[in-house]
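First listed ligand is number 1; within each ligand, the first listed atom is number 1. Because only heavy atoms are used, hydrogens play no part in the values below, and waters and symmetry mates are left out as well, while side chains stay in.
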Amino acid sequence: MQSTDVAILGAGAAGLMAAIESGRRGRRTVVLDHAEKAGKKILISGGGRCNFTNLNCRPENFLSANPHFAKSALARFTPTDMIAMVERHKISYHEKTLGQLFCDRSSHDIVTMLERECTEANVALRTNAQILSVDHEPTGIFRLKLKNSPDLLAESIIVATGGLSIPKMGATSFGYRLAERFGHRIVPCRPGLVPLTFTPEDRDLWCDLSGLSTEVVATTTAKSRTKPAFREKLLITHRGISGPATLQISSYWTPGEPLELDLAPGTKVLDPLREQNARRDPAALAQALRTIFPARLADRWTQINQPDDWTNPSLAALEQKIHSWRITPAGTEGYTKAEVTVGGVDTDQLDARTLESRLVPNLYFIGEVIDVTGWLGGYNFQWAWASGVSAGQSA
Ligand code: FDA
């Protein structure tokens with residue numbers, strides 16, 4: 001039998017950061033992961049360059065049943081703190097767009113940094129560790145049964161096993177099941193930051209244009225006071241739509257509900273057709289659309305959306321349609337393609353300052369396993385770092 005002060009389940013972004021904080025405080029800290037190496041999702045993130053934070057990170061950039069929950073942790077460890085750590089390790093980085101910071105070289109730099117910090121903080125990192133069960137002894141100590149290893153006793157447990165996306169990278173439902181066993185509620189999970197699929201009819205209309213992209217403003221049609229709107233690229237794929245605008249809005253999308261796309265943000269596309277003596281016919285419409293869309297997309301849109309006549313009211317209706325085009329996706333590409341899981345351990349049963357369970361003392365949940373999901377653009381890592389730091393300072 002072995003014992004430790006803090007056992008962290010999951011050596012991903014949140015778990016490694018929590019380990020660094022807890023180890024620095026002199027707590028004997030063990031991190032267990034069933035994968036053969038730590039930080040596998042960090043390695044594939046940001047196209048191999050890890051979008052490790054976002055300069056504009058605010059609580060409003062996160063989805064959760066309790067929109068206030070993330071505030072405390074996000075204030076405790078900010079993007080500036082993360083940048084300071086990255087700079088201490090002489091990792092060069094750049095801002096790509098919209099405050100998104102990426103490594104210049106490779107995501108490996110971030111994993112190496114976290115592993116070095118763990119070593120300096122005397123953290124024991126155990127990969128290939130199969131956790132069979134976690135039980136609470138009558139003394140309040142946790143007992144972890146491990147495959148091919150003696151039991152591990154721990155004063156505190158931090159659950160950092162992540163979400164359900166990309167099962168082939170080692171994602172499991174372990175954290176959710178453990179939470180439920182200890183009496184925690186789970187906000188129903190669904191794939192987020194995920195490409196959306198078309199109905200067969202829309203696929204026939206659009207999917208031969210796969211590879212074309214255009215800037216849109218994407219919103220949902222839900223009746224909500226705080227309706228998010230994302231002005232980014234939308235990409236047509238061979239099964240539906242993707243690109244940053246789609247991924248962002250997918251996290252807010254409810255199946256069966258149409259999405260609304262402004263295909264020409266800030267532009268009055270049909271003004272040229274209203275000029276004196278201007279032509280008003282399909283060719284003129286296609287020409288106007290070509291100023292904002294790729295030509296093939298403009299031509300297709302023209303074919304499908306021709307008005308019955310070319311009067312001013314019809315042009316006004318057409319302009320309106322360009323700015324609020326409704327499309328109802330058939331579904332999502334699922335967890336195999338999703339970057340994150342929306343939903344998770346209900347935040348009402350967690351302390352926002354420490355991430356400790358309100359039901360079971362010394363049990364913590366951090367990172368993606370919790371019902372806190374960030375937008376695309378470095379927000380999910382910032383949540384992983386920040387929630388990890390908060391729990392690591394308390395456990
Ligand atoms: P994470 O998934 O990182 O770690 C969980 C760990 O637990 C894993 O190491 C896993 O092996 C382990 N584990 C799971 N079950 C276990 C079990 N039963 N026993 C033992 N160990 C177990 N975000 C961002 O901000 N910027 C970006 O650039 C990207 N890019 C990106 C690309 C792709 C392709 C994906 C899929 C995701 C992203 N993300 C992202 C999202 C980001 O990767 C994600 O939100 C964080 O990694 C979440 O950190 P966690 O530590 O909570 O989970």
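- Inspection of the Q287 and R279 side chains reveals no N or O donor paired with an N or O acceptor under 3.5 Å.
- Remark: minimum distance from atom 53 (O) of ligand 1 to any protein heavy atom is reached at G162 CA, 3.4 Å.
- Those atoms of ligand 1 that come under 4.0 Å of a heavy atom in G367, given as number and element, are 52 (O).
- Nearest-heavy-atom check against atom 5 (C) of ligand 1 across A11, S173, G10, A160 picks out A160.
- When only non-hydrogen protein atoms are considered, atom 1 (P) of ligand 1 lies nearest to G12 CA, 4.1 Å.
- Residues L178 and T161 are not in side-chain contact: their nearest non-hydrogen atoms beyond the backbone lie 4.5 Å or more apart.
- In terms of polar-atom proximity, Q382 is not counted as a contact of ligand 1, lacking any N or O under 3.5 Å from an N or O of the ligand.
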**Request:** Verify ring pair (Phe, Tyr, Trp, His ring centres under 6.0 Å) between H34 and F174, making sure each step is shown before the conclusion.
**Result:** CA-CA 11 Å; H34 66 166; F174 183 91; 8.3 Å; no
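- Residue-ligand proximity: I166 is placed with a non-hydrogen atom under 4.0 Å from ligand 1.
- Of all protein heavy atoms, the one lying nearest to atom 34 (C) of ligand 1 is I44 CD1, 3.6 Å.
- For ligand 1, the polar-atom distance check against A14 finds a nitrogen or oxygen pair separated by under 3.5 Å.
- At the top of the distance list for atom 44 (C) of ligand 1, counting protein heavy atoms only, stands E368 OE1, 3.1 Å.
- Remark: aromatic rings of W385 and F381 are close, center separation under 6.0 Å.
- The ligand atoms of ligand 1 that sit less than 4.0 angstrom from a heavy atom of S45 are 27 (C), 28 (O), 29 (C), 30 (N), 31 (C), 32 (C).
- When only interatomic distances are considered, the shortest N/O to N/O separation between G46 and ligand 1 falls below 3.5 Å.
- Nearest non-hydrogen protein atom to atom 8 (C) of ligand 1 is D33 OD2, 3.3 Å.
- Here Y379 has backbone heavy atoms under 4.0 Å from ligand 1, and that is the only part of it that gets that close.
- Close approach of ligand 1 to G170 is summarised as follows: ligand atoms under 4.0 Å from at least one heavy atom of the residue are 14 (C), 15 (N).
- Residue M82 is tested with V86, T78, T80 for a side chain to side chain contact (heavy atoms under 4.5 Å, CB included); the sole match is V86.
- Hydrophobic clustering places I304 together with L273 (ILVMFWY residues linked when any side-chain heavy atoms are closer than 4.5 Å, directly or through intermediates).
- With a 4.5 Å cut-off on side-chain heavy atoms, F69 and L350 count as touching.
- Counted by atom type alone, N51 and K96 present zero donor-acceptor pairs between their side chains at under 3.5 Å.
- For atom 26 (N) of ligand 1, the nearest non-hydrogen atom of the protein is N51 O, 2.9 Å.
- Among the atoms of A13, some N or O lies under 3.5 angstrom from an N or O of ligand 1.
- Residues A218 and I249 come closest through the heavy atom pair O-CD1, 3.7 Å.
- In R181, the CZ atom is crowded: over 12 heavy atoms of neighbouring residues, nucleotides or ligands sit closer than 6.0 Å.
- Here CD1 of I91 is found 12.5 Å from NE2 of H108. Values are rounded to the nearest 0.5 Å.
- The protein heavy atom nearest to atom 21 (N) of ligand 1 is H34 N, 3.2 Å.
- Ranking the protein heavy atoms by distance from atom 38 (C) of ligand 1 puts E339 OE1, 3.5 Å first.
- When each atom of ligand 1 is checked for a heavy atom of F174 under 4.0 Å away, the hits are 18 (N).
- The distance criterion of under 3.5 Å between nitrogen or oxygen atoms is met by F381 with respect to ligand 1.
- Within 6.0 Å of atom NE2 in H89, more than 12 heavy atoms from other residues, nucleotides or ligands are found, so the atom counts as buried in its surroundings.
- At least one side-chain heavy atom of E117 sits under 4.5 Å from a side-chain heavy atom of R24.
- In summary, the atoms of ligand 1 found under 4.0 Å from a heavy atom of T172, numbered by their order in the structure, are 14 (C), 15 (N), 16 (C), 17 (C), 18 (N).
- Atoms of ligand 1 lying under 4.0 Å from at least one heavy atom of N380, given by number and element, are 23 (N), 25 (O), 45 (O).
- No N or O atom of S165 sits closer than 3.5 Å to an N or O atom of ligand 1.
- Here T161 has heavy atoms under 4.0 Å from ligand 1 in both its backbone and its side chain.
- Looking at D271 and R274, a side-chain N of the basic residue comes within less than 4.0 Å of a carboxylate O on the acidic one, giving a salt bridge.
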